[in-house]
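Report on the structure given below.
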Amino acid sequence: MKHLLSLLTFCCLTTLAYSQPVDTTYVRKHYTKATYRIPMRDGAKLYTIVYTPKDQSTQHPILLNRTCYNASRSDDFKAIGQPSGYLVRDKYILVYQDVRGRYMSEGKYTTMTPNIPGNQPKNKKDIDESSDTWDTIDWLIKNIKNNNGKVGMYGISYPGFYTAAAIPDAHPALKASSPQAPISDFFFDDFYHQGAFLQSYTAAFAVFGYQKDTLTKQPWYTEELKRFYETPAKDGYAFHLKQGPLKNITKKYHHDNFFWKEVTEHTKYDDFWKKRSILPHLKNVNHAVMTVGGWFDAEDLYGPLNIYKTIEKTSPSAQNTIVMGPWDHGGWARDKGKTTHNHIYFGDSISTFYQREIERNFFAHHLKETKIKKLPEAYMFDTGAKTWKTFDVWPPKNTPKVTLHLGENGTLGVNTPLNENAVFEYVSDPAKPVPYTSQTEGLTFTPRKFMSDDQRHASRRPDVLTFVSNELDQDIQLAGEIIAKLKVSMTGTDADFVVKLIDEYPQDHPNYDHNPPNIIMGGYQQLVRSEVIRGRFRNSFEKPEPFEPNKITDVNMVLQDVLHTFKKGHRIAIQIQSTWFPYIDRNPQKYVDNIFEATEKDFIKSTIRVYGTSVIEIGNTK
């Protein structure tokens, strides 16, 4: 039980980025706390905690955080890690609210509540996250004393979605929104990645898949988490492999979870998923938006990049900024001095720099009218050069496109075509899938560290194709979008394709002080970017189709953007494989309509062939 309670804390804190709470003594000394039940247009009341600065000599703007992860965790003058200490000391009115149907708020909870276009306050019947936010802001402006009439919103992960969901038809007092690690579309963020299900999220369903009948401040998913963690597994790979087909997880763990039911019934990009995407509704944006993400976010890398790009496309006159740093999920909300991800050191106090120089200035400028130098369009961290870089547009237009060509004997051509008649072959066996991490991990709630992990464990496997360039004689910066254009065939009728972009370090690279002795940086194969596509969706995410055995077929897959300088003396590498377990579930490789209903006999070995005409394009890919 002690382990379970610790896990419950972990579930909340990881969603809010392991954030460290602001000193409660300072908050108690400088703020007054009040709680309210703010009425929505349909009569539901949302539980809201408000901290007002005791300094009443001037009016203060409002900072609003809407969450499904229990606003009551900010009770007793705790700011649950956000906003940062800089913002707390800058004297904002701090507001925390449970969204509809969660914890102490009335109403019915819905995962990724569909947006209702044009849902202005004159519409008194239909509700969505935009209308709930509109009603909340309207009430706060009219009822919280000494506010200056301006509101900012922020949130990490699901609260990042709630921030993004308030942008359409925004209240006129909403002047600055900062979606951070936001979910934008559950079919491409978090639970699916281009049609492949993230089995590593199996335990996370306990957080989302229940509706409480009574209001409570207590964690409400304890019972289901007990099924996973009462006797914690020390080897997550072995645990998941032992489960067998996903239908066994349904029966054993998630038979009473409504969100699991929704995910397992809607396995293609149908209307259920489409109406839950916030991207089509980000139009005519009329206030400042700063979207924040981490290059090593295994959960929500798609969200920040695509929210920014969508607003840029639909609302070109909007003040639209993107910030991407060397962080995992929400890592900018904490700082331990040395900034590392897994085994890689990036510099000192990078999160502090972001909090002090970027986030603080963004809100001060738009909510307090503080005169600051205008933020660049894109504030991006180069994960290879290990420094911040700024751009007037993202993806950058002046960076040359780089094309990577696959060659015989594991060679990789950089802008140099190799033997296009070559054929590369491996046998993919779902019974012995490729591990997604080089280290043995216990049963994770959501994976984090592998996004910059050493890929030598994979390059040694016969079911992984590895291609490595010559040693670079000069630095090469890869910036922008990535598309892998694969030519493949197979003996089965379905397959997944995982493509990984890797930075191979020179053999004499020194070890980092923060690593244990067994982590050797000489020859380290650092994962820089990776993505998966379920092959059945190669032509359409709406209409999956099987492969014809042994027929050469195009599979074009998008990897998320990159900004990484491969240093002189390093090598560029590409890996291609068809299992990545248990980060994603196992494709049976025999086409079945719904993999969540597949049986043991459906899982077959398949010989996969990749052809020499395949290329990976990085930069100006359009």
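Every residue two or more places apart in sequence or in another chain that forms a salt bridge (charged side-chain N to carboxylate O under 4.0 Å, His left out) with Lys567 is listed here: Asp475. Residues passing the side-chain hydrogen bond (donor to acceptor under 3.5 Å, both in side chains) test with Tyr162: none are found, sequence neighbours excluded. The salt bridge (charged side-chain N to carboxylate O under 4.0 Å, His left out) test applied to Lys275 returns no partner, not counting sequence neighbours. With sequence neighbours excluded, no residue satisfies salt bridge (charged side-chain N to carboxylate O under 4.0 Å, His left out) with Arg276. Shown here are the side-chain hydrogen bond (donor to acceptor under 3.5 Å, both in side chains) partners of His365, two or more places apart in sequence or in another chain: there are none. Under the side chain to side chain contact (heavy atoms under 4.5 Å, CB included) criterion, Leu241 pairs with Tyr237, Pro433, Phe581, Arg586, sequence neighbours left out. A search for salt bridge (charged side-chain N to carboxylate O under 4.0 Å, His left out) contacts involving Glu542 returns Lys274, not counting sequence neighbours.
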Please tabulate, for the side chains in residues 305-316, all donor-acceptor contacts under 3.5 angstrom to protein atoms that are two or more places apart in sequence or on a different chain.
{"unit_1": "Asn306", "atom_1": "ND2", "unit_2": "Tyr302", "atom_2": "O", "d": "2.8"}
{"unit_1": "Tyr308", "atom_1": "OH", "unit_2": "Glu377", "atom_2": "OE2", "d": "2.8"}
{"unit_1": "Lys309", "atom_1": "NZ", "unit_2": "Glu481", "atom_2": "OE2", "d": "2.8"}
{"unit_1": "Lys309", "atom_1": "NZ", "unit_2": "Asp561", "atom_2": "OD1", "d": "3.0"}
{"unit_1": "Lys309", "atom_1": "NZ", "unit_2": "Asp561", "atom_2": "OD2", "d": "2.8"}
{"unit_1": "Thr310", "atom_1": "OG1", "unit_2": "Asn306", "atom_2": "O", "d": "2.6"}
{"unit_1": "Glu312", "atom_1": "OE1", "unit_2": "Asn320", "atom_2": "ND2", "d": "2.9"}
{"unit_1": "Thr314", "atom_1": "OG1", "unit_2": "Leu282", "atom_2": "O", "d": "2.5"}
{"unit_1": "Thr314", "atom_1": "OG1", "unit_2": "Thr310", "atom_2": "O", "d": "3.1"}
{"unit_1": "Ser315", "atom_1": "OG", "unit_2": "Asn284", "atom_2": "N", "d": "3.0"}
{"unit_1": "Ser315", "atom_1": "OG", "unit_2": "Val285", "atom_2": "N", "d": "2.9"}

Name each donor-acceptor pair under 3.5 Å that joins a side chain in residues 465-473 to protein atoms two or more places apart or in another chain, with its distance.
{"unit_1": "Thr466", "atom_1": "OG1", "unit_2": "Gln575", "atom_2": "NE2", "d": "3.4"}
{"unit_1": "Ser469", "atom_1": "OG", "unit_2": "Ile572", "atom_2": "N", "d": "2.9"}
{"unit_1": "Ser469", "atom_1": "OG", "unit_2": "Ile572", "atom_2": "O", "d": "3.4"}

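Applying the salt bridge (Lys or Arg N to Asp or Glu O under 4.0 Å) test to residues at least two apart or on different chains, the pairs with a partner in residues 574-585 are Arg534-Asp585. Listed by first then second residue, pairs satisfying salt bridge (Lys or Arg N to Asp or Glu O under 4.0 Å) with a partner in residues 603-612 read Glu425-Arg609, not counting sequence neighbours. Pairs engaging residues 180-198 under the salt bridge (Lys or Arg N to Asp or Glu O under 4.0 Å) rule: none recorded [sequence neighbours left out].
Around NZ of Lys389, the count of heavy atoms belonging to other residues, nucleotides or ligands within 6.0 Å exceeds 12.
Phe161 contributes atom CZ, which lies 5.5 Å from atom CD1 of Ile278 (distance to the nearest 0.5 angstrom).
Ring to ring, His570 and Tyr505 are close: their centroids are under 6.0 angstrom apart. Between Tyr354 and Trp327, the distance from one ring center to the other falls under 6.0 angstrom.
Residues Phe381 and Gly325 approach most closely at CB-CA, 3.8 Å, considering heavy atoms.
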Note to self: Arg448 vs Glu299, test: salt bridge (Lys or Arg N to Asp or Glu O under 4.0 Å). Steps then yes/no.
What the structure shows: CA-CA 8 Å; Arg448 297 285 166 86; Glu299 297 165 57; 2.4 Å; yes
